[in-house]
**Student:** 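Can you read through this structure? Questions will come right after.
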Amino acid sequence: MGPPRSPVDAHCRWDVDDAGSGLQRAAATLQAELLEQAARQVVGTSPASQRELSDALDEASLRGRLALDSPAVRAAVLSETLPGASGFLTAIPSKAMKPSMEPAEFRSEVQCRLAAEVFQEEGYCPLGDSVLDVHGFHCSVCTCGGDKSAAQHAARNLTYFYAASAGCRPDLERAAVDLAITSPQRQAALQRASEVAGSAAQLYEDYWRTDLNTEAQCSQQGIAFVPMVAERSGGWGASGIQVLQQLARKAQARDGKAASLHMQEYLEGLNVAVRRANAQAVLKRAPGTATVAPGAADAARALLHS
């Protein structure tokens with residue numbers, strides 16, 4: 001392993017090749033934690049940057065976790081790797097920001113991002129009598145309570161605001177942009193979503209293009225049909241990212257602010273909007289005194305882990 005490009009301590013002795021040295025033991029531990037392929041990328045004669053080491057460790061950690069988790073958890077973890085999924089973590093907290101998150105909402109979404117258990121025990125959904133799993137995955141697919149619509153409407157309204165601010169005049173543009181929020185825990189998407197990040201969004205985009213022959217009918221009228229689909233994590237599919245990038249470029253031409261900064265603002269704002277609605281869906285379903293019917297929890301658990 002080569003020396004670091006910019007040593008923090010100029011007096012540090014790079015004794016990684018000395019058997020038994022502290023640095024040699026640390027390097028051995030690092031290599032043991034990395035996947036073989038990742039290790040080849042950062043271990044060798046050329047110096048490794050901190051970013052390269054961190055990226056390799058992150059990749060190894062992700063792959064290690066995916067090898068152990070259930071399909072439902074794997075789908076949730078992979079969804080968190082999509083563009084925009086971490087926006088709520090970097091958004092500057094502000095009561096003036098629309099939308100904003102309350103502390104309880106933020107904590108709930110951090111738990112969801114980590115795929116941690118948001119409920120202490122399984123129970124019944126108080127809105128629809130379905131089994132409520134400890135990870136809260138049911139909350140993202142439950143059709144009761146209007147939560148799915150709340151997330152979609154919040155993202156739609158914010159996207160309209162961004163488009164109008166960029167000077168796109170969304171009501172007059174010759175494009176039909178249809179926005180939706182989907183869950184990787186949907187049974188139709190779960191298996192694929194547990195294997196490939198963004199599959200749930202892609203499947204929904206494909207469905208919308210062919211459903212009722214929508215894309216072809218729009219094309220006949222000279223209108224481009226553009227599905228914008230985000231997953232429950234607030235991470236966007238390919239089509240959605242393309243739309244936001246176009247808005248960012250138009251905004252740059254309008255106000256001179258870098259498109260990358262506009263894009264960051266869009267992703268953060270939309271992520272907060274989606275995740276706030278998700279958190280409210282989880283918090284309103286927090287189990288109280290409800291009990292699980294005999295066998296119902298075991299059946300649901302078997303389904304999630306199958």
Side-chain angles (χ1 to χ4, degrees), residues 26-43 48-90 105-122 131-141 181-203 230-238 241 267 271 274-275 278-279 281-282 297-298 300-306:
T29 301
L30 174 65
Q31 293 183 55
E33 292 291 332
L34 295 175
L35 294 176
E36 182 179 350
Q37 180 179 0
R40 288 198 298 268
Q41 295 175 355
V42 299
V43 178
S49 69
Q50 179 62 53
R51 180 169 183 173
E52 289 170 335
L53 294 173
S54 297
D55 287 348
L57 282 171
D58 287 345
E59 179 68 16
S61 177
L62 175 61
R63 291 187 180 277
R65 171 148 198 196
L66 294 177
L68 299 174
D69 284 325
S70 67
V73 175
R74 288 201 301 270
V77 172
L78 286 174
S79 183
E80 293 290 348
T81 68
L82 293 177
S86 63
F88 79 114
L89 295 174
T90 56
E105 296 168 346
F106 184 83
R107 286 194 299 270
S108 176
E109 283 306 292
V110 169
Q111 288 176 298
C112 289
R113 180 166 173 80
L114 296 174
E117 295 182 355
V118 296
F119 301 131
Q120 293 183 353
E121 58 184 4
E122 294 175 331
V131 175
L132 190 63
D133 60 283
V134 293
H135 288 95
F137 294 146
H138 166 74
C139 303
S140 66
V141 297
I181 312 297
T182 190
S183 171
Q185 276 75 40
R186 288 190 310 115
Q187 287 302 309
L190 178 58
Q191 186 57 46
R192 184 62 176 162
S194 70
E195 299 169 349
V196 181
S199 294
Q202 185 61 56
L203 285 171
E231 295 190 6
R232 179 248 176 270
S233 63
W236 290 89
I241 288 295
L267 292 177
N271 192 244
V274 172
R275 285 192 178 269
N278 293 335
V282 170
D298 291 338
R301 187 185 297 108
L303 179 61
L304 285 172
H305 290 269
S306 62

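Residue numbers count from 1 along this sequence.
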**Student:** What heavy-atom pair brings Glu231 and Ala201 nearest, and what distance separates the two atoms?
**Tutor:** OE2-N, 3.1 Å

**Student:** Under the rule for side chain to side chain donor-acceptor pair (under 3.5 Å), what residues qualify as partners of Ser233, not counting sequence neighbours?
**Tutor:** Ser79

**Student:** Under the side chain to side chain contact (heavy atoms under 4.5 Å, CB included) rule, what do Val141 and Gln187 come out as? Steps first, then yes or no, please.
**Tutor:** CA-CA 10 Å; Val141 297; Gln187 287 302 309; over 6 Å; no

**Student:** Applying side chain to side chain contact (heavy atoms under 4.5 Å, CB included), name anything that partners Glu105, two or more places apart in sequence or on another chain.
**Tutor:**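 Checked Glu105 against side chain to side chain contact (heavy atoms under 4.5 Å, CB included); matches are Met101, Glu102, Arg276, Ala279, Gln280, Leu283.
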
**Student:** For Leu190 and Ala72, work out which heavy atoms get closest and say how close.
**Tutor:** CD1-CA, 3.7 Å

**Student:** So, do Gln202 and Val196 sit near enough that their side-chain heavy atoms are less than 4.5 Å apart?
**Tutor:**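 No, every pair of side-chain atoms sits at 4.5 Å or beyond.
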
**Student:** Got a sec, which pairs hit ring-ring contact (aromatic ring centres under 6.0 Å, His included) with one end in residues 56-85, sequence neighbours left out?
**Tutor:**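 Qualifying pairs: none.
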
**Student:** Who are the ring-ring contact (aromatic ring centres under 6.0 Å, His included) partners of His135, not counting sequence neighbours?
**Tutor:**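 For His135, the residues satisfying ring-ring contact (aromatic ring centres under 6.0 Å, His included) (neighbours in sequence not counted) are Phe137.
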
**Student:** Please enumerate all residues that pass side chain to side chain donor-acceptor pair (under 3.5 Å) together with Arg186, with sequence neighbours excluded.
**Tutor:**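 With neighbours one apart ignored, the set is Thr182.
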
**Student:** Kindly compute the distance separating CD (Glu59) from OG1 (Thr81), expressed to the nearest 0.5 Å.
**Tutor:**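 With rounding to 0.5 Å, CD (Glu59) is 9.5 Å from OG1 (Thr81).
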
**Student:** I'd like to check the ring-ring contact (aromatic ring centres under 6.0 Å, His included) partners of Phe119; sequence neighbours left out, ordered by chain and number.
**Tutor:**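 Scan of Phe119 (ring-ring contact (aromatic ring centres under 6.0 Å, His included), adjacent residues dropped) gives none.
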
**Student:** With rounding to the nearest 0.5 angstrom, report the CG to SG distance, Asp133 to Cys139.
**Tutor:** 7.0 Å

**Student:** Restricting to salt bridge (charged side-chain N to carboxylate O under 4.0 Å, His left out), what partner residues turn up for Arg192, sequence neighbours left out?
**Tutor:**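 Expected list: Glu195.
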
**Student:** Specify the closest pair of heavy atoms between Arg232 and Val282, including all atoms of both residues, with the distance to one decimal.
**Tutor:** NH2-CG2, 4.5 Å

**Student:** Could you list the residues that satisfy side chain to side chain donor-acceptor pair (under 3.5 Å) with Arg275, not counting sequence neighbours?
**Tutor:**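 Residues passing side chain to side chain donor-acceptor pair (under 3.5 Å) with Arg275: Glu80, Glu109, Asn271.
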
**Student:** Mind checking what makes side chain to side chain contact (heavy atoms under 4.5 Å, CB included) contact with Leu78, not counting sequence neighbours?
**Tutor:**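 In terms of side chain to side chain contact (heavy atoms under 4.5 Å, CB included), with neighbours along the sequence ignored, Leu78 is linked to Leu66, Ala197.
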
**Student:** Mind checking what makes side chain to side chain donor-acceptor pair (under 3.5 Å) contact with Ser183, not counting sequence neighbours?
**Tutor:** Ser140, Gln185

**Student:** Do side-chain atoms of Gln111 reach the backbone of Ala116 as a donor and acceptor pair under 3.5 angstrom?
**Tutor:**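 Absent.
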
**Student:** Looking only at heavy atoms, what is the nearest atom pair of Val73 and Arg65, with distance?
**Tutor:** CG1-NH2, 3.9 Å

**Student:** My understanding is that only residues two or more places apart in sequence, or in another chain, count here; which of them pass salt bridge (charged side-chain N to carboxylate O under 4.0 Å, His left out) with Glu117?
**Tutor:**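 Salt bridge (charged side-chain N to carboxylate O under 4.0 Å, His left out) check on Glu117 returns nothing, list empty.
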
